[in-house]
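Just below is one structure, and these are the notes that go with it.
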Amino acid sequence: MNKKEVKLVEIGPRDGFQNVKEFIPTDVKLNVLKGLVSAGYKKIQITSFVSEKAIPQMKDAREITDYMLENHSDLDLFALVPNYYGAKSAWETGLREITPVMSLSETHNQANVRRSHDESINELKKIRDDFPEMKITQDIATVFGCPYEGKMEVGPLLELIGRMGEIGIDAITLCDTIGVAYPAQVEEVLDCVYKNFPDYEFNFHVHDTRNMGILNSYISIQKGINSVQTSIGGLGGCPFAPGATGNTASEDLIYLLEHDGYDTGIDFSKVLETAKYMKENINGNFSGHHINISVVQHGFN
Ligand code: COA
Ligand code: ZN
């Protein structure tokens, strides 16, 4: 039987690291990135260009980017940016793909990037106009629910995606920032976005706060999502979404997919080995399952 293709994107070096309080030495970050590359990842979110005061963990963004571009320019490397300043910094280092972030919930948008929707859209337009060769993959946070506003509706999401489309953004990552989505909701949202914007690229980013990450990721794959983002070791959360845990753990999803007839192109054992290296060297919250199995269970790696 032919294996089914699926595209996994690793975002742990941004979404995971940004939540670790203690500064992770740059060489530890680079070792994790090297592990991910050797495991076969083709697309990695390597850092974020944010204010050092807001997220001190990311102060080595430039160094990380320089190393990765110098050694792995054949890969799709991208970074999160919260504003124009970040987009410009990313462009200047040589990155050619960025993820600006905006929340469907106005309240969360204010908490995270201190902007109204209109302000964020205007800034996005300026980024689009000034960096026409940059691929912009827009993160929309709190698509399925917000820690301040509760459940989110599909109508406003479609309207927001439409506004982004008007300024030339046609790659979108739908983020379940606090891990509240459930299968019927994921199906409803994906059906609606693909029906209304059939030519767009949609990616899925789900936090595993309620142990729904694997299930929802799997459903998004069955619905034909362009890519699913995961975080190695399940490390992470959102500094501006109290109580959120990490994304779906990369190795847990790879295990499921590889046993279920998919070709991820990624070596499970190498990812797990890298995750274990992280647990030994990083003082963070790892919500993955495989990383927490300490007994040797032969034949199940
Ligand atoms: N990179 C580096 N420094 C930045 C920056 C960026 N992208 N954006 C702003 N700054 C600096 C400014 O130079 C300024 O420094 P100063 O106080 O020494 O003069 C300071 O940050 C505040 O600048 P200001 O213009 O008031 O910031 P802003 O309103 O444009 O935005 C944010 C502030 C949103 C950029 C900042 O709060 C931030 O980076 N938040 C992180 C959001 C995030 O990453 N969330 C998690 C991921 S979803
Ligand atoms: Zn996230």
Side-chain angles (χ1 to χ4, degrees), residues 9-21 45-65 78-93 95 98-105 107-120 122-124 126-127 130-131 137-147 172-181 203-210 212-213 216-217 227-250 284-285 287:
V9 173
E10 175 60 43
I11 47 116
R14 192 279 300 175
D15 210 40
F17 291 171
Q18 77 181 12
N19 270 286
V20 177
K21 285 214 168 62
Q45 191 175 51
I46 55 173
T47 186
S48 58
F49 288 86
V50 294
S51 152
E52 212 178 298
K53 282 181 201 147
I55 315 229
Q57 184 63 256
M58 293 293 154
K59 67 182 177 197
D60 55 4
R62 191 172 191 121
E63 225 176 314
I64 296 278
T65 307
F78 68 116
L80 181 137
V81 304
N83 55 5
Y84 185 89
Y85 186 129
K88 187 163 179 285
S89 309
W91 176 263
E92 283 166 0
T93 59
L95 275 185
I98 50 166
T99 314
V101 56
M102 179 173 173
S103 309
L104 179 58
S105 142
T107 320
H108 188 263
N109 205 50
Q110 283 289 358
N112 193 30
V113 291
R114 294 199 225 130
R115 280 155 178 75
S116 66
H117 275 176
D118 285 348
E119 285 166 341
S120 280
N122 288 340
E123 195 157 349
L124 189 56
K126 193 164 155 42
I127 295 172
D130 287 4
F131 305 100
T137 303
Q138 175 71 37
D139 265 10
I140 306 185
T142 66
V143 163
F144 301 88
C146 164
I172 307 273
T173 302
L174 303 165
C175 303
D176 183 11
T177 312
I178 53 169
V180 282
N203 313 292
F204 191 47
H205 171 121
V206 48
H207 284 260
D208 199 26
T209 318
R210 289 166 181 77
M212 306 287 267
N216 287 333
S217 297
S227 81
V228 175
Q229 301 189 340
T230 57
S231 179
I232 182 166
L235 181 65
C238 171
F240 305 98
T245 67
N247 280 69
T248 311
S250 312
N285 167 37
S287 58

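In this text, all values refer to a predicted model and were calculated from it rather than measured experimentally. Just follow the structure's listing: the first ligand is 1, and inside any ligand the first atom is 1.
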Legend entry - Any N or O of E52 closer than 3.5 Å to N or O of ligand 1: no
Inset, instruction - Using a strict 4.0 Å cut-off to heavy atoms of G86, name the atoms of ligand 1 that fall inside it. - result: 7 (N)
Inset, instruction - Below 4.0 angstrom from a heavy atom of R114, which ligand 1 atoms are there? Numbered from 1 as shown, please. - result: 33 (C), 37 (O)
Legend entry - Option with minimal heavy-atom separation from atom 10 (N) of ligand 1, where the choices are S51, C175, A54, A141: S51
Inset, instruction - Return the name of the atom in D15, of element N, O or S, nearest to the Zn ion (ligand 2). - result: OD2
Legend entry - Heteroatom distance test (N112, ligand 1): nitrogen or oxygen, under 3.5 angstrom: yes
Legend entry - Side-chain donor or acceptor of Q45 paired with backbone N/O of D15 under 3.5 Å: no
Inset, instruction - With atom 29 (O) of ligand 1 as the reference point, say which of R115, K59, E123 has the nearest heavy atom. - result: R115
Legend entry - Polar atom proximity, V113 to ligand 1 (N or O, under 3.5 Å): no
Inset, instruction - Look only at interatomic distance and state if V50 has a nitrogen or oxygen under 3.5 Å from any nitrogen or oxygen of ligand 1. - result: yes
Inset, instruction - Verify the distance criterion only: is there a donor paired with an acceptor across the side chains of N203 and S227 at less than 3.5 Å? - result: yes
Inset, instruction - Provide the closest heavy-atom pair for E119 versus R114 in the form atom of the first, atom of the second, distance. - result: OE1-O, 4.4 Å
Legend entry - Beyond-backbone contact of P147 with T142, side-chain heavy atoms, under 4.5 angstrom: yes
Legend entry - Minimum-distance pair of heavy atoms, taken over all atoms of S287 and G234: OG-O, 2.9 Å
Legend entry - Contact check, S48 vs ligand 1, heavy-atom distance below 4.0 Å: no
Legend entry - side chain to side chain contact (heavy atoms under 4.5 Å, CB included) between W91 and D130, intermediate numbers included: CA-CA 10 Å; W91 176 263; D130 287 4; over 6 Å; no
Inset, instruction - Give a yes or no on whether the backbone of V20 and the side-chain of Q57 come within a donor-acceptor separation of less than 3.5 Å. - result: yes
Legend entry - C175 N/O/S atom closer than 2.8 Å to the Zn ion (ligand 2): no
Inset, instruction - For the residue pair S103 and N112, confirm or rule out a side-chain donor-acceptor distance under 3.5 Å. - result: no
Inset, instruction - Looking at H205, pick out the N, O or S atom nearest to the Zn ion (ligand 2) and give its name. - result: NE2
